Amino acid sequence: MSREYSKDEEAGHPVDNFNQFDADTSSDAASIIIGKQRDQEKGHKIQYRTCSWQKTAALIFSEYICLAILSFPWSYSVLGLVPGVILTLAVAASVQYTSLILWRFCLKHPELQNVCDIGQMLFGGSKWAYNATAVMFILNNVFIQALHCLVGAKLLNTLSNGAECTIVFSAIAAILCFFVTLPRTLSQLSILGSFSAVTMGIAVLLAIIFSGVQSHPAGYIAGEAPLVTAWPVKGTTFVTAMGAFLNITYTFVGQITLPSFIAEMKEPKDFPKALWAVTICEIILFTLCGAIMYHFVGNQYITAPAFGSLQPTFKKIAFSFAIPTIVYLGSLYSSVSARFIFFRIFANSHHRYSNTFTAWSTWTGIIAITWIFAFIIAEVIPFFSDMLSLMSSLFDGWFGFIFWGMAYLTLYPGERKWKGFWRSSETVLNYSLIVIGLFILIAGTYVSIQQIIDDYRANLVGVAFSCANNGL
């Protein structure tokens, strides 16, 4: 199939009439668009389609190799070792598959720049769908930024034994992240991403080793040896078990940024290389961290993150290696949000590719606004961790499962989706992914709201803008 492409499509800018694309668009046509995107950037000071698959792997590594890994021991303590490992493998497989569907969709439609463009296409070119996806996209990213303000304060409080007001530490984290966000291309950030992933890997490795060599876990009660179970302990509630499952799911689900990464790849067809490399490492690291630390710490003494289960000296040593990840990962989400807004403002302007004062002042201003909002959100919401779980429930069902089941059905419309046994089987699988996404959306939202209610009843909810020490 051949057709004429508008200047906006050739440049990679979003177009209003998404209905003109279909699953029959040839790979040759997609290659033409990608080639013209690269040609248009030639001669400009700033070029975006410059990421190799190795740099893309570094970006994905830095997104997934994060502090959330240290919550796997807690999830295993709730679910039991056997169900915990099985769910880890199942969620990893589903995220790997949906990410490959996402890649196939982006490869078919290289004019798409981010998940908002995909949302518009999946819902028939609706501007309402684009705007709704954009709101979820920005909120998701800003809340993750806010989390890194809080985690940064938690780390500084832990290392300094609460030497300063938590609000000050949170502000320091936001300011550091602001400066790291300033580079305008993901290729530049990928260098920092590699360093972030390595140091976080060291932090996890040290936490595993220290959990085994320490005399006993933090908070140890004499005579009460760590309890390790293969299955959930009697009395485990649905809310607690669902929370542990969602914790595993949220750590793996990160597809919301992948379209933005693919849009800056020099050769998008190489994306699976990066994806497979990251997924294999994820499965090994997440499972070993969860299983080994749970084995040594047990049900009674486990915390999330598991650094809190270590003796003070061990805790500070291991936690300190997480500093680059805390700063970098918040910056990555800010950069993706800023890029989305920046590209909308300068969709057809030379400022998009230039080092002009207008371009840099706008870019810097957008980044500053995202971090100001992130800091305020982190300090204003007294039940922030529960609110983050609620936001994740509302968004990750869409961005982790539903969108990509719909993307598959868009790639194979009508009778094509039922052509042959294997195609029919894959179609059933994708309908199942949509159902799983809806389950996470509904059940996850229920669990998160119930947790907020329970925390209020137990007087565990703090106050806004508190100086109280939140260290481990």
Side-chain angles (χ1 to χ4, degrees), residues 14 18 63-64 68 94-95 98-99 101-102 105-106 109 112-148 246 249-263 329-330 332-345 366-367 369-374 376-378 380-381 384-407 409-410 433-449 452:
F18 280 96
E63 181 184 5
Y64 286 108
S94 67
V95 171
T98 54
S99 297
I101 292 294
L102 180 161
F105 196 82
C106 290
H109 305 289
L112 304 179
Q113 296 290 299
N114 49 63
V115 75
C116 304
D117 294 339
I118 293 176
Q120 183 174 1
M121 177 178 281
L122 293 179
F123 289 91
S126 166
K127 275 293 184 183
W128 181 90
Y130 178 88
N131 292 330
T133 306
V135 169
M136 290 193 293
F137 177 64
I138 296 297
L139 281 176
N140 179 81
N141 293 353
V142 172
F143 265 77
I144 291 176
Q145 290 175 238
L147 173 65
H148 285 81
L246 292 174
T249 302
Y250 298 154
T251 306
F252 275 105
V253 170
Q255 296 98 312
I256 192 171
T257 60
L258 296 187
S260 301
F261 295 167
I262 294 171
L329 191 52
L332 178 63
Y333 278 91
S334 175
S335 179
V336 171
S337 296
R339 181 171 283 94
F340 167 71
I341 299 169
F342 185 81
F343 284 2
R344 299 307 296 168
I345 295 173
I366 295 170
I367 293 170
I369 290 171
T370 67
W371 281 110
I372 289 171
F373 273 106
I376 293 173
I377 290 171
V380 164
I381 300 177
F384 181 80
S385 60
D386 292 334
M387 177 58 73
L388 187 68
S389 296
L390 177 61
M391 300 295 288
S392 297
S393 300
L394 292 172
F395 298 156
D396 286 356
W398 289 100
F399 296 132
F401 298 91
I402 298 173
F403 262 35
W404 316 123
M406 293 178 63
L409 299 176
T410 303
L433 289 172
I434 294 174
V435 173
I436 291 172
L438 291 172
F439 173 74
I440 290 173
L441 175 65
I442 297 169
T445 300
Y446 163 75
V447 167
S448 299
I449 292 175
I452 292 172

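One-based numbering along the sequence shown. All figures in this text were calculated on a predicted structure; none of them were measured in a lab.
- Among residues two or more places apart in sequence or in another chain, the side-chain contact (heavy atoms from CB on, under 4.5 Å) test is passed with Ile372 by Ile376.
- Tested against Trp404, the residues Leu258, Ile118, Leu409 include a single side chain to side chain contact (heavy atoms under 4.5 Å, CB included) partner, Ile118.
- Here the CD1 atom belonging to Ile367 is positioned 10.0 Å from the CH2 atom belonging to Trp371, to the nearest 0.5 angstrom.
- Annotation: ring pair (Phe, Tyr, Trp, His ring centres under 6.0 Å) contacts of Tyr64 (sequence neighbours excluded): none.
- Note that CD1 of Ile436 and OG1 of Thr98 are 10.0 Å apart. Values are rounded to the nearest 0.5 Å.
- Sequence neighbours left out, the pairs with a member in residues 131-144 that pass side-chain hydrogen bond (donor to acceptor under 3.5 Å, both in side chains) are Asn141-Ser337.
- Applying the side-chain hydrogen bond (donor to acceptor under 3.5 Å, both in side chains) rule to Thr251 yields no partners; only residues at least two apart in sequence or on another chain are considered.
- Between the CG atom of Asp117 and the CZ atom of Phe137 there is a distance of 10.0 Å, given to the nearest 0.5 Å.
- Closest non-hydrogen pair, Leu246 versus Ser393, comes out as CD1-OG, 4.3 Å.
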Before you tell me yes or no, could you show the steps for Ile144 and Leu329 under side-chain contact (heavy atoms from CB on, under 4.5 Å), namely the whole-Å CA-CA distance, both residues' side-chain angles and the distance that decides it to 0.1 Å?
CA-CA 9 Å; Ile144 291 176; Leu329 191 52; 5.6 Å; no
side-chain contact (heavy atoms from CB on, under 4.5 Å) assessment of Asp396 paired with Thr249
CA-CA 9 Å; Asp396 286 356; Thr249 302; 5.8 Å; no
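- Partners of Thr370 by side-chain hydrogen bond (donor to acceptor under 3.5 Å, both in side chains), not counting sequence neighbours, listed by chain and number: Gln145, Ser334.
- Taking CD1 of Ile101 as the reference point, atom OG1 of Thr410 lies at 11.0 Å (rounded to 0.5 Å).
- Atom OG1 of Thr257 sits about 9.5 Å away from atom CD1 of Ile262, to the nearest 0.5 Å.
- Side-chain contact between Ile366 and Ile345 is present, with at least one heavy-atom pair separated by less than 4.5 Å.
- Residues Leu112 and Ala263 come closest through the heavy atom pair O-CB, 4.1 Å.
- Side chains of Ser94 and Phe401 form a contact here, defined as non-hydrogen atoms less than 4.5 Å apart.
- Taking the ring pair (Phe, Tyr, Trp, His ring centres under 6.0 Å) definition, one finds that Phe399 meets it with Phe403, sequence neighbours left out.
- Scanning all heavy atoms of the two residues, the minimum distance from Cys116 to Tyr130 falls at O-CD1, 3.4 Å.
- For the side chain to side chain contact (heavy atoms under 4.5 Å, CB included) with Trp398, the lone residue among Leu441, Leu438, Ile440 that qualifies is Leu441.
- Distance alone, capped at 3.5 Å, places no donor-acceptor pair between the Ser448 side chain and the Thr445 backbone.
- Among all heavy-atom pairs drawn from Val336 and Ser260, the shortest one is CG1-OG, 3.7 Å.
- Taking both residues in full, the closest heavy atoms of Met406 and Ile434 are given as N-CD1, 4.0 Å, listed atom of the first, atom of the second, then distance.
- Scanning both residues, Pro259 and Val115, for their nearest heavy atoms gives CB-N, 3.9 Å.
- Tyr333 contributes atom OH, which lies 3.5 Å from atom CD of Glu63 (distance to the nearest 0.5 angstrom).
- Inter-residue side-chain proximity for Phe261 and Leu332 is flagged as met; some heavy-atom pair is nearer than 4.5 Å.
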